[in-house]
Amino acid sequence: GDPLFVREGQGVVPTPLADRLWPDIQGALALLRQAVHRSQVFEPARDISQITLAMNDELEPSILPLLVRKLRELVPTLRIASVRLDRASLRADLAAGRLDCAIDIAQPVSADLCHTLLLQDEFVVVSSASVNAARPLDIQSYLAAQHVTVSSRRTGRAVEDLGLAKLGLERQVVMRCQHYEAACRVVAASDLLLTLPRRQAEAIHASVKNVILTLPVELPKMELHLYWHRQRETDPANHWLRKQVLAVMTPPRAS
């Protein structure tokens, strides 16, 4: 009930109480103006300090270095976490903000998850240089050979085996491992073959000098998608992150 203003002449003047309150009110209004400004103007270096991406272990070596270089060029102080993808909890993790985005092969998802194509990649075959002197590989020798496959799951067919099954074909898988680089090193020391996306094969080729061969059967290309939660669709920080990931992963168009 204390007055803040009293009449004086043709106007009003603040009371001593109003004079005491004004500095705090002025500070609060300044913070309010700053908050409104930040909601309208997104500045990555100011407004984003950490991101968390989920992807499978086998994708990380070929994707993460490119993303880290791009993101830290734009925001040098950015903290980046790459964590293992858990498809069973993906929706909940994206909804709760535990993940900003996820990178995975094409998967059926619920209506509240958004996704976009990052890239399509053809499958190739890797063989030991001592076993295969870069000679063409035909379908008969491919199916007669023994193979190593890569999967983060303990059991179940790999994507390439599902593609072969649709064509009525089946290869002899005698080994299963978790990482493409480990599989490439196994191939280098054996007569096993490895079928994998070209992007992974070329990324590992510099350190493991196997032979990259054309797959002798036409399989659907492997698709990588970027996933995020619909409630983050218009969030400036998430939109910025998606834009950078797409820029890194989308090959430039030929002129």
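Side chains are part of it too, since the values below use all heavy atoms of this structure and drop only hydrogens, waters and symmetry mates.
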Would you say the side-chain atoms of E122 pair up with the backbone N or O of R198, donor to acceptor, closer than 3.5 Å?
no
Sub-3.5 Å donor-acceptor pair from the side chain of R171 to the main-chain atoms of Y142, do we have one?
no
Checking Q172 side chain against A144 main chain: does a donor-acceptor pair fall under 3.5 Å?
yes
After noting the C-alpha distance and the side-chain angles of R157 and S151, does the key distance pass the side-chain contact (heavy atoms from CB on, under 4.5 Å) rule?
CA-CA 9 Å; R157 288 180 173 182; S151 177; over 6 Å; no
Is there a side-chain contact between E160 and T149, using heavy atoms and a 4.5 Å cut-off?
yes
Quick check against the 3.5 Å criterion: does N56 have a side-chain atom that pairs as donor or acceptor with the backbone of L59?
no
Is there a donor-acceptor contact under 3.5 Å linking the side chains of E223 and Q120?
yes
With distance as the sole test, does S190 use its side chain to make a donor-acceptor pair with the main-chain N or O of V186 at under 3.5 Å?
yes
Mark yes when over 12 heavy atoms from residues, nucleotides or ligands other than Q107 sit less than 6.0 Å from its CD; otherwise mark no.
yes
Kindly list each side-chain donor-acceptor pair under 3.5 angstrom involving residues 208-216, sequence neighbours excluded, with atom names and distances?
unit_1: K209; atom_1: NZ; unit_2: A206; atom_2: O; d: 3.4
unit_1: N210; atom_1: ND2; unit_2: C184; atom_2: O; d: 2.9

Hey, is the main chain of N238 close enough, under 3.5 Å, to the side chain of D100 for a donor-acceptor pair?
no
I'd like to check I105 versus L224 (side-chain heavy atoms, cut-off strictly below 4.5 Å). Are they in contact?
yes
Among L67, T77, I80, exactly one meets side-chain contact (heavy atoms from CB on, under 4.5 Å) together with R72. Which residue is that?
I80
Evaluate the side-chain proximity of L53 to L241: yes if any heavy-atom separation is below 4.5 Å, no if none is.
yes
Sequence neighbours excluded, every pair satisfying side-chain hydrogen bond (donor to acceptor under 3.5 Å, both in side chains) that has a member inside residues 79-92
Q50-R79, D57-R84, E60-S82, D86-S89, R87-D104, S89-D93, R91-D112
Residues D121 and P197: closest non-hydrogen pair is OD2-CB, 3.4 Å
R242 side chain to E233 backbone, donor-acceptor under 3.5 Å
yes
Do side-chain atoms of H179 reach the backbone of E181 as a donor and acceptor pair under 3.5 angstrom?
no
Could you grab the distance from atom CG of L85 to atom CD1 of I103, nearest 0.5 Å is fine?
10.0 Å
Give the intermediate values and the outcome of side-chain contact (heavy atoms from CB on, under 4.5 Å) for residues V83 and R98.
CA-CA 10 Å; V83 300; R98 290 186 290 270; over 6 Å; no
Nearest-0.5 Å distance that lies between atom CG in L17 and atom CH2 in W22:
14.0 Å
